[in-house]
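Written out below as structure tokens is the structure these notes cover.
A note on names: the letters A, B, ... follow the listed sequences, proteins ahead of strands, and every chain is numbered from 1. Computed from a predicted model, the values in this text were never measured in an experiment.
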There are 2 protein chains.
Amino acid sequence: MNKREFKDKVYIELSKAVKALANPHRLEIIDLLAQGQFTVEQIANNTGLSVANASQHLQNLKNAKLVQINRKGNFINYSLASEQIYNALICVRELGMTFNAEVKKVISDFRNGQQEDMRAIDAETLVTMLENDEVILLDVRPEEEYSRGHIHRALSTPIDKLGNSLKKIPKRKMLVAYCRGPFCVYADEAVAILTQKGYNAVRLEEGYPEWALKGYPVEHI
Amino acid sequence: MNKREFKDKVYIELSKAVKALANPHRLEIIDLLAQGQFTVEQIANNTGLSVANASQHLQNLKNAKLVQINRKGNFINYSLASEQIYNALICVRELGMTFNAEVKKVISDFRNGQQEDMRAIDAETLVTMLENDEVILLDVRPEEEYSRGHIHRALSTPIDKLGNSLKKIPKRKMLVAYCRGPFCVYADEAVAILTQKGYNAVRLEEGYPEWALKGYPVEHI
DNA sequence: CATCTATTCTATTTATTTATTGAATAGACA
DNA sequence: TGTCTATTCAATAAATAAATAGAATAGATG
């Protein structure tokens, strides 16, 4: 094997891993799987794909060793093969958000369209606020995802049942809502509703997976 | 814009950045550009591409804002748009090397093919050794790349003129050779030659760009 | 201004990727 | 054992990406 053959082989193999990530649907699937395991149908529903199409993309990710399966009864659950995969997604997200102005534009357009000034606080600030007991932290993801793991001291208030949860929440404290990550809009929706109801609410910049990856305190049941 | 449209747009834009990296030749080009700026022809020569083809790939990278141009006389020099791009490459490299066993295999096959036990030391070890004046550090990249920037206290001993350089190098000290990065074979070739001539030589795990990115001492002229 | 040359563009062919549909499969459970 | 069902496979069509070769361009230099 000469130098050129060696380099060709190495870069071709390397590009296979990148190609597995080089598709909008697969990026969305990885982002979703960072919350935990999901069946093919759940993945299809969450991403707007047909089941067959979702399955194909999952095969693609599985071949690249980025996801793994785990059979439970009649269902097959897909999950990330390792935390490092999410790390790569964060890397790629940084790249996209830094060098593709369009990404930033789409996000700010969407948030402005919601007619809310979506201020966000970061993980470090939240840690201090939680220590001082200044805030109530709301996990607005579906309950199932909360139960798999959530930020220490967060309450489960799924976005679609937010109305019910409000009764228990006093208005005098500041609320912080978080969800799956920067491209998940549950927290935005929650802040919009809460603000409209007279609460003082902001979103957390980080989603649950990033929070956990940074080593901040989490709880599993 | 509804939720689905928003997500579709975000992930499509995000995938554009990834698609720019999802090609073996473009990965190799990025790896090369981490050494500094190169003309289209230099890039073509270094990667085994035709000039027209290299130019096309460069346009692709330019559209994704990953590389920038800088005109000098009759030539156009391409360089990475920011250090962060190389960061993304490292991320992707980690992903590939961790989850694609084939990458590791190709590398070890190639090194074994050279009939040398290619031991390597890491940056931290080297720093200590340099402080204790225990080693001579050799930059075996082309002289031009050395002159753009190199590791503090390294000598320029380009691989194709290594024979000439040897006269000045005493045999009693250990030699450490480094080059462009993990997929560059100059350091391997150098270690093979040096060992064969009776020197005690090893390669540095990191290439120059990684060394610099980690904040270890460098020198520019 | 004319020429030279590094680079880019255009057109074409070939290869790869994606979505869709309907059929096939593999495992669970009665 | 047979049925049920979640998932995958296979075939096709449509879209996108890549390599090649030759023409075009833009800027430098005399």
Side-chain angles (χ1 to χ4, degrees), chain A residues 4 7-9 11-30 32-33 37-79 144, chain B residues 4-5 7-9 11-30 32-33 37-64 66-79 144:
Chain A
R4 186 69 262 153
K7 289 200 172 190
D8 283 348
K9 277 191 193 172
Y11 286 108
I12 285 172
E13 286 305 321
L14 211 57
S15 74
K16 285 182 187 169
V18 189
K19 276 174 203 271
L21 293 177
N23 173 283
H25 300 305
R26 290 198 291 272
L27 287 175
E28 187 171 358
I29 289 174
I30 301 243
L32 179 64
L33 293 186
Q37 52 176 32
F38 290 86
T39 66
V40 178
E41 206 186 347
Q42 288 176 318
I43 292 166
N45 289 339
N46 269 284
T47 56
L49 292 171
S50 73
V51 169
N53 201 178
S55 173
Q56 268 194 192
H57 283 299
L58 286 164
Q59 293 313 304
N60 193 321
L61 291 168
K62 206 175 79 181
N63 291 338
K65 307 268 166 54
L66 302 186
V67 305
Q68 62 193 2
I69 65 174
N70 160 269
R71 197 156 200 131
K72 236 182 195 165
N74 237 342
F75 295 85
I76 291 174
N77 283 300
Y78 281 87
S79 55
E144 202 187 338
Chain B
R4 187 69 260 152
E5 286 167 344
K7 290 200 171 190
D8 283 348
K9 278 190 193 172
Y11 287 107
I12 286 173
E13 288 305 321
L14 211 57
S15 73
K16 286 182 187 168
V18 189
K19 276 173 204 272
L21 293 178
N23 174 282
H25 301 304
R26 291 198 291 272
L27 287 175
E28 188 173 359
I29 290 173
I30 302 242
L32 179 63
L33 294 186
Q37 52 177 32
F38 291 84
T39 66
V40 178
E41 208 187 345
Q42 288 176 318
I43 293 166
N45 289 340
N46 269 285
T47 56
L49 292 171
S50 73
V51 169
N53 202 180
S55 173
Q56 265 191 195
H57 283 300
L58 286 164
Q59 293 312 305
N60 194 323
L61 290 168
K62 206 175 81 178
N63 291 338
L66 303 187
V67 305
Q68 62 193 1
I69 63 173
N70 160 268
R71 198 156 199 131
K72 237 182 196 165
N74 236 342
F75 296 84
I76 292 174
N77 282 299
Y78 280 86
S79 55
E144 200 187 338

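Closest to the A:Phe75 side chain, of the nucleotides D:dA6, D:dA21, C:dT7, is D:dA6.
Residue-environment remark: CD (A:Glu41) stays at or below the threshold of 12 foreign heavy atoms within 6.0 Å. At most 12 heavy atoms of other shown residues, nucleotides or ligands fall within 6.0 angstrom of atom NZ in A:Lys9.
Phosphate contact (OP1/OP2 of D:dG27, side-chain N/O of B:Asn74, threshold under 4.0 Å): absent. Put simply, A:His57 has a side-chain N or O that comes within less than 4.0 Å of OP1 or OP2 on C:dA19. Residue B:Asn53 places no side-chain N or O under 4.0 Å from the OP1 or OP2 atom of D:dA18. Taking 4.0 angstrom as the limit, B:Tyr78 places none of its side-chain polar atoms (N or O) nearer than this to OP1 or OP2 of C:dA6. Dashed line: the shortest gap from a side-chain N or O of B:Arg71 to OP1 or OP2 of C:dA6 is not under 4.0 Å.
Across all strands, B:Gln56 comes closer than 4.0 Å to base atoms (heavy-atom distances). Among the protein residues, A:Ser55 comes within range of the nucleic acid bases, having at least one heavy atom under 4.0 Å from a base atom. Residue contacts shown for A:Thr39 are limited to sugar-phosphate atoms, with no base heavy atom under 4.0 Å away. Using a 4.0 Å heavy-atom distance criterion, A:Gln59 is classed as a sugar-phosphate-only contact.
Comparing B:Asn23 and A:Val40 along DNA chain D, the residue whose closest nucleotide (by nearest heavy atom) sits nearer the 5' end is A:Val40.
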Candidate pair B:Glu28 and B:His57, rule side-chain contact (heavy atoms from CB on, under 4.5 Å), full reasoning: CA-CA 11 Å; B:Glu28 188 173 359; B:His57 283 300; over 6 Å; no

How far apart are the C-alpha atoms of A:Gln56 and A:Asn60, what are their side-chain angles, what is the distance that settles it, and do they pass the side-chain contact (heavy atoms from CB on, under 4.5 Å) test? CA-CA 6 Å; A:Gln56 268 194 192; A:Asn60 193 321; over 6 Å; no

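The nearest whole Å value for the distance from the CG atom in B:Asn77 to the P atom in C:dT8 is 11 Å. Atom-to-atom, NZ of B:Lys62 to P of C:dT8 comes out at 6 Å; the value is rounded to the nearest Å. Per the geometry, CD1 belonging to B:Ile69 stands 18 Å off P belonging to D:dT25, to the nearest Å. Spacing between atom NZ of B:Lys72 and atom P of D:dA28 amounts to 14 Å, rounded to whole angstrom units. One interatomic measurement links the two molecules: CD1 of B:Ile12 to P of C:dT18, which rounds to 12 Å at whole-angstrom precision. Rounded to whole angstrom, the span from the CG atom of B:Leu27 across to the C1' atom of D:dA17 amounts to 15 Å. The distance from atom NZ of A:Lys16 to atom P of C:dT16 is 11 Å, rounded to the nearest whole Å. Between B:Leu61 atom CG and C:dT8 atom C1' there is a gap of 15 Å when expressed in whole angstrom units.
Between A:Leu66 and A:Leu21, some side-chain heavy-atom pair lies under the 4.5 Å cut-off.
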